[in-house]
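Order of listing sets the numbers, starting from 1, for every ligand and every atom in it. Throughout, numbering of the chain's residues begins at 1 and tracks the sequence. Side chains are part of it too, since the values below use all heavy atoms of this structure and drop only hydrogens, waters and symmetry mates.
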Amino acid sequence: MKWRVYPPDVLPLWVAEMDVPLAPAVADALREAIEIGDTGYPTGTEFAESLAGFAARRWKWDGMVVDRVALIPDVMMGAVQVLRLITDPGDPVVVNSPVYAPFYAFIAHDDRRVIEAPLGQDLRISLETLEETFRRTREQSGKGKIAYLLSNPHNPTGTVHTYEELAAVATLARRYGVRVVADEIHAPLVLPGAEFTPYLSVPGTEDAFSLMSATKGWNLAGIKAALAIAGAEAAADLRRMPEEVHHGASYLGVIAHTAAFRHGDGWLDALLAGLDANRDLLGRLVAEHLPGVGYARPEGTYLAWLDCRSLGIAPEEDATGLAVVTDLAGPARLFLEHGRVALSSGHIFGTGGAGHVRLNFATSQAVLTEAITRMGRSAALHAR
Ligand SMILES: Cc1ncc(COP(=O)(O)O)c(C=O)c1O
């Protein structure tokens with residue numbers, strides 16, 4: 001999608017795909033399956049065990065219980081299906097805006113209501129805002145069900161929530177009877193200086209869920225599979241997940257994701273070193289070519305959140321509803337039309353997104369340099 005949606009003269013730094021060769025361990029596993037015709041239905045617990053092993057090695061978390069894991073087609077379908085288990089139509093689902101745009105659409109399409117608890121100015125979860133949102137929503141819902149879809153790490157800002165922040169979130173969720181679903185798809189992509197905390201490793205999260213896959217870490221969006229993981233008190237809920245949900249995952253996806261978690265550490269380490277270098281390069285390029293644009297150095301993911309409000313481009317409205325990921329407005333429109341650089345428009349991420357763009361820096365340093373140079377030229381042209 002990244003390189004095919006726009007014409008060839010456009011540098012695409014928008015959708016969350018990386019410009020990387022496939023990890024050899026993943027390619028080998030897929031090749032072997034194809035060669036021996038191993039292309040039937042998935043079974044067994046190898047995928048869950050591979051993730052449990054990865055979690056123990058990388059995050060020192062040995063609490064992932066394979067019996068409380070369910071195969072799902074991908075993380076977003078998993079989010080929808082888990083929300084179906086713990087809420088009813090019309091129920092509220094809290095999100096931290098600005099946040100991954102499909103959170104709005106997928107929740108709304110399933111007849112749940114999105115309630116925003118915006119991030120603080122520092123792009124971290126504002127515990128005051130979250131508590132106020134939980135309190136207000138609880139007041140309005142009475143004894144009704146409330147869920148909270150958390151992005152850990154956070155897309156689009158690259159914020160990696162700390163253990164302390166997540167512990168505070170867990171306390172608030174318990175206090176107000178809110179069920180937490182942690183979308184942890186970016187978990188393997190935490191850059192030097194930050195540490196990933198699995199939400200379910202935090203005390204008080206026993207009634208919560210985590211959604212994980214190797215999709216972002218190893219660039220496997222086209223080879224779908226993912227896992228829903230239940231805390232001890234959520235296991236009975238997970239068992240109610242209908243059979244057709246597991247049926248949606250592809251066996252080649254299971255093979256690829258299992259290989260990534262089992263044998264992909266070395267490739268991932270090389271990737272993270274490259275992303276770390278690109279994160280620094282991006283900082284230098286923004287300072288040089290886009291003075292005045294705010295670059296919040298991400299702690300994780302390969303997404304950078306650029307505050308372009310100082311460029312004086314007519315601000316677009318925040319789209320807190322059903323924006324399409326290719327919708328463009330404000331700065332993103334300028335950078336595409338004048339600079340031939342495709343970015344994600346900030347407004348699609350909901351309240352707090354207008355005037356920003358999200359830039360995907362998982363590309364070569366040559367492409368990154370050319371893109372920021374072009375963006376700088378278009379901003380200068382606009383300023384004249
Ligand atoms: C936070 C977040 N969740 C989910 C997804 C999509 O995951 P999947 O393709 O497994 O549905 C993305 C993709 O960028 C994402 O950033």
I'd like to check whether [X] has a polar contact with ligand 1, where a contact means an N/O of the residue lying under 3.5 Å from an N/O of the ligand.
{"X": "Lys224", "answer": "no"}
{"X": "Ser213", "answer": "no"}
{"X": "Lys216", "answer": "yes"}

Give the table of side-chain donor-acceptor pairs shorter than 3.5 Å for residues 46-55, with sequence neighbours excluded, one pair per line with atom names and distance.
unit_1, atom_1, unit_2, atom_2, d
Glu46, OE1, Arg262, NH1, 3.3
Glu49, OE2, Thr45, OG1, 2.7
Ser50, OG, Phe47, O, 2.7

Whether the Tyr148 and Asn96 side chains hold a donor-acceptor pair (N or O, under 3.5 Å, no angle test) is what I'd like checked. yes
Go through the side-chain N and O atoms of Tyr176 and Glu131 and say whether any donor and acceptor fall under 3.5 Å apart. yes
For ligand 1, which atoms sit closer than 4.0 Å to a heavy atom of Ala16? 14 (O)
Quick one: which ligand 1 atoms are inside 4.0 Å of a heavy atom on Asp74?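 Selected atoms, number and element: 8 (P), 10 (O), 11 (O).
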Given 3.5 Å as the limit, does a donor-acceptor pair link the side chain of Glu206 with the main chain of Ala232, or not?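 Such a contact is absent between Glu206 side chain and Ala232 backbone.
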Charged N to carboxylate O below 4.0 Å: is that the case for Arg374 and Glu370?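 Looking at Glu370 together with Arg374, the answer is yes, because their closest N to O distance falls below 4.0 Å.
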Do the two ring centres, one from Trp305 and one from Tyr295, sit under 6.0 Å apart?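 No: the rings miss the under 6.0 Å criterion.
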When you measure from the heavy atoms of His186 to every atom of ligand 1, does any distance fall below 4.0 Å? yes
Top protein contact for atom 8 (P) of ligand 1, by heavy-atom distance: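 It is Val75 N, 3.7 Å.
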